[in-house]
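Every value quoted in this text rests on a predicted model; they were computed, and no experiment measured them.
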Amino acid sequence: MSITADDVKAALAKVIDPNTGKDFVSSKSVKNIQVDGADVAFDLELGYPAKSQIALLRAAVVNGVKTIPGVGNVSVSVQVKILSHAVQRGLKVMPNVKNIIAVASGKGGVGKSTTAVNLALALAAEGASVGILDADIYGPSQPMMLGINARPDSVDGKTMEPLENHGVQVSSIGFMIDPDEPMVWRGPMVTQALQQLLEQTNWRNLDYLIVDMPPGTGDIQLTLSQKVPVTGAVIVTTPQDIALLDARKGLKMFEKVGIPIIGIVENMSTHICSNCGHTEAIFGHGGGEKMCKDFNVDFLGALPLTMSIREQTDSGRPTVVADPDGAVASVYKAIARKVAVKVAERAKDMTSKFPSIVVKND
């Protein structure tokens with residue numbers, strides 16, 4: 001009995017992508033099935049970066065197809081195709097940035113910037129083109145965290161080139177001021193600075209731009225929601241009640257302005273003693289997961305409170321770069337994959353498909 005493309009589809013419909021939880025057929029990842037006698041070839045197209053996962057996924061689909069009786073050689077080409085996804089109504093996706101992801105918190109001191117930089121580095125490690133915008137105008141920390149001490153170049157005198165380290169493009173007000181200089185600016189100047197950093201930086205074909213937001217729900221958050229095309233937001237909190245109280249406010253703000261919540265990261269979830277290894281939930285337990293249930297959003301992961309995360313980030317080599325195969329880096333990478341998958345599941349941006357309609361009165 002000859003093998004058909006339908007046989008291949010039926011076999012692949014039983015293979016689940018561990019990153020999405022869906023089979024490869026219903027997720028429309030299987031493309032260009034070709035059957036030549038007993039030999040089968042097809043493409044596997046992923047909507048999220050998966051450099052570390054490709055061998056695993058290829059083996060899974062090959063084994064799935066080999067369950068077909070009489071099948072011969074199985075050839076699979078795994079490709080990653082990251083698309084632009086829908087943003088707030090009335091805004092258009094930036095031409096050189098496919099997806100903008102805001103990393104936010106209701107209050108300061110919860111490790112939001114550390115989470116943002118490691119998320120960016122983890123996406124880059126998986127093969128994506130990634131940038132990070134330091135939107136905390138009053139307290140920019142990304143230059144130090146990424147080990148960059150330089151001024152951006154401007155070729156035309158109007159725009160600036162992003163600085164780069166560890167494979168990530170970066171723009172920050174911190175590159176243009178003295179480290180000890182306070183930003184004594186009123187709200188309108190701050191929001192204008194944010195827009196200039198975003199729009200006048202020559203981002204180079206980014207799959208993802210991670211925006212490290214300042215804490216709170218003020219002018220910058222409002223500007224971001226009204227004028228910047230955001231694909232989704234990641235909320236960072238700690239388990240303690242006071243942090244969760246403010247995180248809820250941040251989450252509700254994004255909901256009100258039509259920016260979808262990708263999920264919640266619980267930082268400083270447990271403290272691991274550097275001497276004996278004892279683990280203790282010093283800030284409480286389960287607060288982030290309970291918040292996810294209350295608001296019906298995804299729990300992306302929990303990170304420990306360890307000295308190494310602080311030391312590595314302060315040194316300009318965040319955990320994903322400093323200890324890429326370590327336990328904490330693996331948590332950051334798992335969170336990054338979940339974020340990328342959630343973005344890939346969003347509706348695709350169709351604004352570029354439609355022509356602009358201009359009505360003229362003759």
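- Not counting sequence neighbours, Asn296 has no partner by the side chain to side chain contact (heavy atoms under 4.5 Å, CB included) test.
- For the salt bridge (charged side-chain N to carboxylate O under 4.0 Å, His left out) test, residues two or more places apart in sequence or in another chain that qualify with Glu164 are Arg204.
- When the salt bridge (charged side-chain N to carboxylate O under 4.0 Å, His left out) test is applied to Glu255, the partners found at least two apart in sequence or on another chain are Lys252.
- When the salt bridge (charged side-chain N to carboxylate O under 4.0 Å, His left out) test is applied to Lys98, the partners found at least two apart in sequence or on another chain are Asp207.
- Applying the side chain to side chain contact (heavy atoms under 4.5 Å, CB included) criterion to Arg248, with sequence neighbours excluded, gives Lys290, Met291, Asp294, Phe295.
- For Thr306, the side chain to side chain contact (heavy atoms under 4.5 Å, CB included) partners are Ile272, Pro304, Ser308, Ile309, not counting sequence neighbours.
- Alongside Ile242, the hydrophobic cluster contains Leu245 (criterion: ILVMFWY side chains under 4.5 Å).
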In residues 38-45, what donor-acceptor pairs under 3.5 Å come from side-chain atoms, sequence neighbours left out?
residue	atom	partner	partner atom	Å
Asp39	OD1	Asn73	N	2.9
Asp43	OD2	Asn32	ND2	2.7

Which pairs of donor and acceptor atoms, one on a side chain in residues 8-20, lie under 3.5 Å apart (sequence neighbours left out)?
residue	atom	partner	partner atom	Å
Asp17	OD1	Asn19	N	2.9
Asp17	OD1	Asn19	ND2	3.4
Asp17	OD1	Tyr48	OH	3.2
Asp17	OD2	Tyr48	OH	2.7
Asn19	ND2	Tyr48	OH	3.1
Asn19	ND2	Gln53	OE1	3.2
Thr20	OG1	Lys22	N	3.1

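- Hydrophobic cluster of Leu222: no remaining members, since no ILVMFWY side chain lies below 4.5 Å from it.
- Note on residues 318-330: pairs passing side-chain hydrogen bond (donor to acceptor under 3.5 Å, both in side chains), not counting sequence neighbours, are Gln312-Thr319.
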Identify each donor-acceptor pair in which a side-chain atom of residues 129-137 lies under 3.5 Å from a protein atom, sequence neighbours left out, and give them as a table.
residue	atom	partner	partner atom	Å
Ser129	OG	Asn205	O	3.1
Asp134	OD1	Asp136	N	3.3
Asp134	OD2	Ser141	N	3.1
Asp134	OD2	Gln142	N	3.0
Asp134	OD2	Ser172	OG	3.1
Asp136	OD1	Gly139	N	3.2

